[in-house]
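Each remark here refers to the structure printed beneath this line.
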Amino acid sequence: MDFEKFIKLFKFCITSQNLRRVSGDPPQLKIIFIFLTFAMFIFIYFAINNISKIMEEDNIDYMRVLFTSLLCFGCCELLFKNFGMVPLHKEVESLLNWIQDLRVKVEKDEIIQKVSKEEFAKALKYSVLFFKTYLGLYMMTGVFVALNFTFCNYLVIAIPGLDQESTGFIHRFVPILFTEIAASWTVSSDSAIVFIGIYVIFFMRSVNRLINIFAENSEITNRPRFLICIIEKHIEMIRILEVFNECMKFISLMQLCFSTLTFLVILFVIQLFPDNLLLYSMLITLLTQLGLLCFFGEIVRSESEEIFINLYQTNWYDLSLKEQRIILLMMANSCKVIGLKAGGLYEIGLMSLVQIVKLSASYAAIIMTFTQK
């Protein structure tokens, strides 16, 4: 996929996420996603209505309640994350413009130009690879869910005014349709922020590579312009990370909260129905979605820490006083490690993923123990 096609996909993903049209996109696209938002609210109402009907029965089918609840969690998470990005449309579009400017930017130094182009090409490659893999995983899960709704003997929605038994086809077709829509929508919505994250990470890597080149090549140290370009890119990196972190505050918080709750429910249901393959497919998909967020947070933090280490390992004592001051200024800016924070408070990293899985497994085991008694 070339960059022009990727940008079209990128703009589509941004529109699907914050329900506002990106400059250059057709206005009909925004209307479609607004309509889907209202339709999703109606679908959630149908699911909640079904849960209330099940709870009124004499013999409550908890499997139906749990599956319907999982469906509601997934739809609510999608809508909450999308609504959380609506006020940040300008910030997201500014990051998109930054990525487009990176492609056309021409550096005065040949080495900086080469490193920037190489890292930019890697970012495009991994962005396309991620999208194809993520789409395939969600579509596979969507197919499993659709097959489950088709062949199972229970319904997950209750449409007011329609009898479930006489209109069984409609009550099965609607969940299948909305499951596929929600899966596709989740992929496009999550991809918007992941694409930005990939380009941010590879931009940080380019800064680290330039610092290493400056430290290892004695000829480079005689070129003050090279060092000035590095500090310019370092300042740009800090600015971009602040904007990206602002965009991630709410969406990461919602992801952590809903993922913890959904993990708890899925692990509890797996203990009740260990032979249900659909549950394992949903668990893998949820782990992938949450793992991506934590993985990005870990990489951003790691690259941020590495900048300070690389600066310290330069032969700064052999530089001129002016260049030493520049290095000292960059080290001062790098002392505070920049990472992703959920809600601006909770550090996101691989340890967050481990803690969420452990917490969910522990509570699921406790609930299972009490229910068995």
What one should report as the nearest heavy-atom pair of Tyr134 and Ser191 is CD2-OG, 4.3 Å

Any Met237 side-chain heavy atom under 4.5 Å of His234 side chain
yes

CA sep, side-chain torsions, deciding dist, call: Asn97, Gln100, side chain to side chain contact (heavy atoms under 4.5 Å, CB included)
CA-CA 5 Å; Asn97 294 332; Gln100 291 177 299; 3.5 Å; yes

Salt bridge check, Glu118 against Arg209: does any charged N sit closer than 4.0 Å to a carboxylate O?
yes

What do the steps show when you test Met204 against Leu241 for side chain to side chain contact (heavy atoms under 4.5 Å, CB included), and what is the final call?
CA-CA 9 Å; Met204 296 177 73; Leu241 277 174; 3.9 Å; yes

Can you measure from CG (Asn208) to NZ (Lys233) and round to the nearest 0.5 angstrom?
13.0 Å

Taken to the nearest 0.5 Å, the spacing of Ile201 CD1 from Ser302 OG works out to 10.0 Å

In Å and rounded to the nearest 0.5 Å, what is the CD1 to CD1 distance from Ile157 to Ile48?
12.5 Å

If hydrophobic clusters are built from ILVMFWY residues whose side chains come within less than 4.5 Å, do Ile309 and Ile211 share one?
no

Treat each ILVMFWY residue as a node, draw an edge where side-chain heavy atoms are under 4.5 Å apart, and state whether Leu328 and Ile228 are in one component.
no

From CD1 (Ile231) to CZ (Arg325), nearest 0.5 Å
13.0 Å

Ring pair (Phe, Tyr, Trp, His ring centres under 6.0 Å) with Phe178: of Tyr45, Phe46, Phe43, only one passes, and it is Phe43

Using the rule that two of Ile, Leu, Val, Met, Phe, Trp, Tyr join whenever any of their side-chain heavy atoms come within less than 4.5 Å, decide whether Ile31 and Ile42 are in one cluster.
no

Atom of Ile230, atom of Leu210 and distance for their closest heavy-atom approach
CD1-O, 3.6 Å

Got Phe10 and Ile196 here, is their nearest side-chain heavy-atom distance under 4.5 Å?
yes

Distance, nearest 0.5 Å, that separates CD1 of Ile14 from OG of Ser188:
11.5 Å

Begin with the C-alpha distance, continue with both residues' side-chain angles, and end with the deciding distance and a verdict on side chain to side chain contact (heavy atoms under 4.5 Å, CB included) for Ile159 and Ile170.
CA-CA 9 Å; Ile159 302 175; Ile170 297 176; 3.9 Å; yes

For residues Leu177 and Leu162: do they belong to one hydrophobic cluster (side chain heavy atoms under 4.5 Å, members Ile, Leu, Val, Met, Phe, Trp, Tyr)?
yes

Salt bridge (Lys or Arg N to Asp or Glu O under 4.0 Å) evaluation trace for Glu298 with Arg301:
CA-CA 5 Å; Glu298 190 69 28; Arg301 182 178 178 81; over 6 Å; no

For Phe12, the option from Phe33, Trp185, Phe195, Phe6 that meets ring pair (Phe, Tyr, Trp, His ring centres under 6.0 Å):
Phe33

Salt-bridge present (Glu4, Arg103; N to O < 4.0 Å)
yes

Can you tell me if Phe130 has over 12 outside heavy atoms packed within less than 6.0 Å of its CZ?
yes

Please assess Leu102 against Ser116 for the test side chain to side chain contact (heavy atoms under 4.5 Å, CB included), listing each intermediate value before the final yes or no.
CA-CA 8 Å; Leu102 280 180; Ser116 299; over 6 Å; no

Shortest non-hydrogen contact from Trp98 to Phe203?
CZ2-CG, 3.7 Å

Considering only heavy atoms from C-beta outward, does the side chain of Asn310 approach that of Phe214 to under 4.5 Å?
no

Any salt bridge between Arg239 and Glu242, counting N to O under 4.0 Å?
no

Other residues, nucleotides and ligands only: do more than 12 of their heavy atoms fall within 6.0 Å of CZ on Phe173?
no

Just by distance, do the side chain of Ser189 and the backbone of Thr186 share a donor-acceptor pair under 3.5 Å?
no

What's the shortest heavy-atom distance between Ala158 and Lys53, and which atoms?
CB-CD, 4.0 Å

Please report the closest heavy-atom contact between Cys13 and Ser16, naming both atoms and the distance.
O-OG, 2.6 Å

Could you give the distance from CG (Asp101) to CG (Leu96), rounded to the nearest 0.5 Å?
9.5 Å

What is the minimum heavy-atom distance between Ala47 and Thr68, and which atoms define it?
O-CG2, 3.4 Å

